Amino acid sequence: MISIKNLHASIDGKEILKGFNLEVNAGEVHAIMGPNGSGKSTLASVLAGREDYEVTDGKVVFNNKDLLEMSPEDRAREGLFLAFQYPVEIPGVSNINFLKTAITEIRQYKGLPPLEAKDFLKLVKDKQAMVELQGSLANRSVNEGFSGGEKKRNEIFQMAMLEPSLAILDETDSGLDIDALRIVAGGVNKLRSSNRSFIVITHYQRLLDYIVPDFVHVMYNGQIVKTGTKELALELESKGYDWIKKETEQAI
Amino acid sequence: MADILEEVTGSEYKYGFTSDIEMDTAPIGLNESIIRFISEKKNEPAWMLEYRLKAYSKWLTMKEPKHWPHVSYPEIDFQNIIYYAAPKLKKELASLDEVDPELLKTFEKLGISLEEQKRLTGVQSNIAVDAVIDSVSVKTTFKETLAEKGIIFCSFSEAVQEHPELVRKYMGTVVPYTDNFYAALNSAVFTDGSFCYIPKGVRCPMELSTYFRINASGTGQFERTLIIADEGAYVSYLEGCTAPMRDENQLHAAVVEIIAHKNAEVKYSTVQNWYPGDKDGKGGIYNFVTKRGICLEDNSKISWTQVETGSAVTWKYPSVILKGNNSVGEFYSVAVTNHHQQADTGTKMIHIGRNTRSTIVSKGISAGLSNNSYRGLVKIHKGAKNARNFSQCDSLLMGDKCGAHTFPYIEIKDQSAIVEHEATTSKIGEDQLFYCKQRGIDTEKAIALIVNGYCKEVFNQLPMEFAVEAQKLLAVSLEGSVG
Ligand SMILES: Nc1ncnc2c1ncn2[C@@H]1O[C@H](COP(=O)(O)OP(=O)(O)OP(=O)(O)O)[C@@H](O)[C@H]1O
Ligand SMILES: [Mg+2]
């Protein structure tokens, strides 16, 4: 699905990603944890193609294509989806209109005609039910005046609508109440399939009780420094990051 | 981002063609004999000529308003303008077949098919069109259908001939020729425009529309529009404007007057797309327009909606005098400036009657090196008990070389008034753009989406077809403008 090799990226001359490596196969769920400032959101932004970052080295192959060569919109059209840590508000643009535009663009890229209105509305209805999003939210302006939790749920709704092949969730669980967490995780689980992969960035082991990952990685100082399974998350929860930081520093 | 800017700013002005139409023109320059020439060409009654001449002598004593508007442009040489240019029409036209085929082609290109319009009759969604090319009204459609309801919709010149009593009664009552420099000039030299009268109790069954087109080079366009809604009448009126691309600056100085009687309502919508000049600021229309309506009697309503994307320099304040009790005035505006365009636009709401209400929603969008100013006056006269105004002026900046300015003036002479003013300035954020791109939407479409969202309250006021056109226009005007 995606293969990230020796990725180096910097912003304003400061290197944040320092040789990041990760292989994600189709159908796998990878969790990335790590202390604040270790570069998790930076990784997500670089993969999504944010222009503020300069990629100085490395290679990323996504669905057999050179990801770093593609524009951000083409990456999205190729099936890469980022659920933002801080979703943006777009006043006056309804969620529905926004998604219609996005889906039309993605379909056009694939040489498909726009969805018929009734098919589109059916899709909205189905996905709304899947992520238990209130109808009124779908009709409101994109994220405008949404509560923190509503914004996160809206990201999952958009993900469900766009049916990506690789979804990167950047702290989608933070700011969610218990019920919302269950619903969001439920949405992700319903979307799990043999041809769809997830990279789940989180600080909390709790989320991984709901979305059981195949791998857990610890990111520190722009690299993956430890990889394990679900148990690693539990260990981190009880021990914190200090021991990993120490291990890493000793290794240098 | 700068690359994208470079890449797409070359987008073409779609209406920049010229047409080879045989023209009848006045000699260049302005003096009394030119005015007599125009009046004679139009076979006008003596009172009309007198009015013109009075306006002309007043104009001679007036000064161009160059200091207060937030715009700058080179001196206009009023002797270097042709004040009358008309397509040469062979006698009276008996049918469309006799219209110069070039002229018909022009309208086709503008998306107004007069032939088509003529065939479809009376269907609800239809629009009756009066087309004014350079100075002369060329063809008014649907006249017969409208006449059945007693509605008069014709060129201004025709109204002078056929309905002199109405023209004399109302012309100059809202915008007197003494009003300002350009209104005086217009009153002296106006050549044509549209006239519309909706009789008592009649709801006009279709949108009435005028298309203004400047074609000939070196000419000014001075049209006049007069709309009267008699007691209980309703009309929705649309105005569209385009011009060819030329290196020189051309002057457009129109006057629009609206009169709403008791319980009457007039909705006036404009999509102004005069040629804005090229990206280096060469050429383009100078648009100095006086538009004003009066809610003459109780419970009347006048609503202006404008989408301004064109012109090199715009100077325009569609206003409402709220004289009747419980009358309502509205102003919804989107003004876009890009490259070197300058716009100083806004409105005046003059509250005189009791319980009068006004709403102002102004959305300015500036890009490139342009300057966009909102200038508004809310005036509450003494005795205008319980007057209310709500104003919202938002500015959106694209890039950091453009300017947005707001000049709100408020004069309150009655303590019972409630006046609210809100203003915001925002920038199209990189974050918003990236968010859209991450969902598969490219930069151009993302800008269109964001800007349309920003203008939604105004677009909602436009009739459907116009709203679609306005959205497209906006997208074109702003192509490549995020830096
Ligand atoms: N413009 C910038 N200039 C310099 N440093 C920056 C800039 N933007 C981000 N950084 C730094 O990059 C580092 C990585 O930030 P990033 O947001 O990727 O961390 P994170 O792992 O997502 O943290 P969190 O868990 O708090 O979300 C931080 O130290 C941050 O301060
Ligand atoms: Mg982060």
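Please read these numbers as outputs of a predicted model, since none were measured by experiment. Each chain gets a letter, A, B and so on, in the order its sequence line appears, and its residues count up from 1.
- In plain terms, the two heavy atoms of A:Val93 and B:Gly453 that are nearest each other are CG2-CA, 3.7 Å.
- For the pair B:Asp442/A:Asp74, no side-chain contact is recorded, criterion being any heavy-atom separation below 4.5 Å from C-beta on.
- Taken from NZ in B:Lys445 to OG1 in A:Thr101, the straight-line distance is 8.5 Å, to the nearest 0.5 Å.
- Contacts of A:Tyr86 with chain B are absent, with no heavy-atom separation under 4.5 Å from either backbone or side chain.
- The number of heavy-atom neighbours closer than 6.0 Å to NZ of B:Lys267, taken from other residues, nucleotides and ligands shown, is above 12.
- Taken to the nearest 0.5 Å, the CZ atom of B:Arg439 stands 8.5 Å off from the CG atom of A:Leu99.
- With values rounded to the nearest 0.5 angstrom, B:Gln438 atom CD is found 10.0 Å from A:Ser45 atom OG.
- When all heavy atoms are compared, the tightest approach of B:Gly440 to A:Ala76 is N-CB, 3.4 Å.
- Of the two parts of B:Tyr435, the backbone and the side chain both hold a non-hydrogen atom closer than 4.5 Å to a non-hydrogen atom of chain A.
- Ranked by heavy-atom pairs under 4.5 Å with chain B, the list A:Ser141, A:Pro72, A:Gly92, A:Pro87 is led by A:Gly92.
- Within a 6.0 Å sphere centred on CZ of A:Arg196, other residues, nucleotides and ligands contribute more than 12 heavy atoms.
- Using a 4.5 Å cut-off between heavy atoms, A:Leu162 contacts chain B through its side chain alone, with no backbone atom that close.
- Salt bridge B:Lys437/A:Glu105: absent, no basic N to carboxylate O contact under 4.0 Å.
- In this structure, the separation between CG on B:Leu449 and CG on A:Asn97 is 5.5 Å, given to the nearest 0.5 Å.
- Ring-plane geometry between A:Phe84 and B:Phe434 is classed as perpendicular, the angle between the planes exceeding 60 degrees on a 0 to 90 degree scale with a lower cut at 30.
- In this structure the side chain of A:Ser71 never reaches within 4.5 angstrom of the side chain of B:Thr443, judged on heavy atoms.
- Taking both residues in full, the closest heavy atoms of B:Cys436 and A:Ile90 are given as SG-CD1, 3.8 Å, listed atom of the first, atom of the second, then distance.
- Using a 4.5 Å cut-off between heavy atoms, B:Cys455 does not touch chain A at all.
- Annotation: the span from A:Glu73 atom CD to B:Glu444 atom CD amounts to 10.5 Å, rounded to 0.5 Å.
- Looking at A:Glu89, the atoms closer than 4.5 Å to chain B (heavy atoms on both sides) all sit in the backbone: N, CA, C or O.
- Both the backbone and the side chain of A:Arg50 come within contact range of chain B, each with at least one heavy atom under 4.5 Å from a heavy atom of that chain.
- Within a 6.0 Å sphere centred on NZ of A:Lys122, other residues, nucleotides and ligands contribute 12 heavy atoms or fewer.
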